[in-house]
Amino acid sequence: MTQLQPKDNVPSLHETFQAHFRVGAAVNPVTLVSQRELLSRHFNSVTAENEMKFERLQPEEGRFTFEHADNLIDFATSHGMGVRGHTLIWHNQTPAWVFEHREGGPADRQTLLARMQSHIETVVSRYKGLIYAWDVVNEAVSDSGGELLRPSKWLDIAGEDFIAKAFEYAHAADPNALLFYNDYNESVPEKREKIYALVRSLKDKGVPIHGIGLQAHWNLEHPALDDIRQAIERYASLGLKLHVTELDVSVFRHEDRRTDLKRPEAGMLERQAERYGQMFRLFKEYDGHVDSVTFWGAADDYTWLDHFPVRGRKNWPFLFDAAHQPKPSYWNVIDVARS
Ligand code: HAH
């Protein structure tokens, strides 16, 4: 496969933000090859989009499959990049066996927690010293209604302290790794307060948690910039680190379900550039708290948003276009670092 060469007059994104925070990208085994040059030039952190999730690392009890995760670690170390680990405990992409008894029926609490411990201990120890931060628990907070925690098998079987347990097991396996609670809709005021309450209660109990991951799956209108600022302020008031973990800016508003666009419409890329500029100005302003900003991809040739939430719809959410060339969004972000 031919590599698309970045132009020399295009400054390196991560070097430009060196004084402020790491700049990362999510990768997969395909993009690790197809985006190799772009990744090594512009990013100093990588995250596995899928390859470190429970279902990928331990598809059957006791059978661990580390090949793709190891490849990512090798890529990062050979290019002097850091690695953010994603994710140890989540209600999705976790195999059914985890929650079932070997003889059938649901697993009991003790069995489930023993499996959690063995998974976390095996994975975190393997990459000890190589992964600077782990998303320990992903998306445990409920989006809707009065309930704090989302219904899940982890919650059903182990009870609400499954969250604290996951952090304790991870901390025991690598005391130097920074441990994060990670979630989406993190800037929506109602959910923000739930995330705040959860993390505050963990801190109050002395649970080893070091930060909050703001997924930041945003679009041209939402969330409002002021809601992002308030979320940063609220989380930072807990005295924890903040990582922006899965940043992308969809060019479609939530109600827009069109599937026929072959390229971005007039105005979309300009609006996206304006939004990216505003967001990075905020991240820079709060660089005492925000020390890592990871995109959920690197360039518009591949994004999970190409099929989610509208099937068969292309999206263009990043700073680099499908040919790995800088978009107006890229230049606005670079301008932020220089101003
Ligand atoms: C994230 N969820 C996950 O953290 C990440 O692991 C995955 O690759 C993509 C996005 C966001 C999300 C979702 O998957 C479904 C509904 C809402 C939000």
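Keep in mind that this is a model prediction, so the values were computed, not measured. We count ligands from 1, going down the list as the structure has it; atoms in each ligand are counted the same way.
- At least one N/O-N/O distance between Gln215 and ligand 1 falls below 3.5 Å.
- Residue Trp304 places no N or O, backbone or side chain, under 3.5 Å from any N or O of ligand 1.
- Using a cutoff of 4.0 Å between basic side-chain nitrogens and carboxylate oxygens, Glu193 and Arg234 are scored as salt-bridged.
- Remark: ligand 1 and Asn138 share an N or O pair separated by less than 3.5 Å (distance only, no angle test).
- Counting heavy atoms closer than 4.0 Å to ligand 1, residue Asn92 contributes nothing at all.
- Ion pairing of Arg126 with Asp70 is present here, as a side-chain N (NZ or NE/NH1/NH2) and a carboxylate O approach within less than 4.0 Å.
- In the vicinity of Trp90, heavy-atom distances shorter than 4.0 Å reach the ligand 1 atoms 3 (C), 6 (O).
- Residue-ligand proximity, Tyr184 to ligand 1, at heavy-atom distances under 4.0 Å covers atoms 17 (C), 18 (C).
- In summary, the atoms of ligand 1 found under 4.0 Å from a heavy atom of His217, numbered by their order in the structure, are 1 (C), 10 (C).
- Of the candidates Met52, His86, Lys53, the one placing a heavy atom closest to atom 8 (O) of ligand 1 is Lys53.
- For ligand 1, the polar-atom distance check against Trp296 finds a nitrogen or oxygen pair separated by under 3.5 Å.
- Taking the centre of each ring, Trp134 and His171 stay at or above the 6.0 Å mark.
- When hydrogens are left out, the protein atom nearest atom 15 (C) of ligand 1 is Phe308 CZ, 3.6 Å; that is the closest non-hydrogen contact.
- The cationic atom of Arg22 (NZ for Lys, CZ for Arg) does not lie both less than 6.0 Å from the six-membered ring centre of Phe17 and within 45° of the ring axis.
- What sits closest to atom 2 (N) of ligand 1 on the protein, heavy atoms only, is Glu139 OE2, 2.7 Å.
- The distance from the CG atom of Asn50 to the CD atom of Gln93 is 5.0 Å, given to the nearest 0.5 Å.
- A salt bridge does not link Asp306 with Arg313: every distance from a Lys NZ or Arg NE/NH1/NH2 to an Asp or Glu carboxylate oxygen is 4.0 Å or more.
- Salt bridge status for Arg192 with Asp227: absent, with no side-chain N to carboxylate O gap under 4.0 Å.
- At a 4.0 Å cut-off, not a single heavy atom of Gln93 sits close enough to ligand 1 to count as contact.
- Judged by the 6.0 Å distance and 45° axis criteria, Lys241 is not positioned over the aromatic ring of Tyr235.
- The number of heavy atoms from other shown groups lying within 6.0 Å of NZ (Lys314) is above 12.
- In terms of protein heavy atoms, atom 10 (C) of ligand 1 is closest to Glu246 OE1, 3.4 Å.
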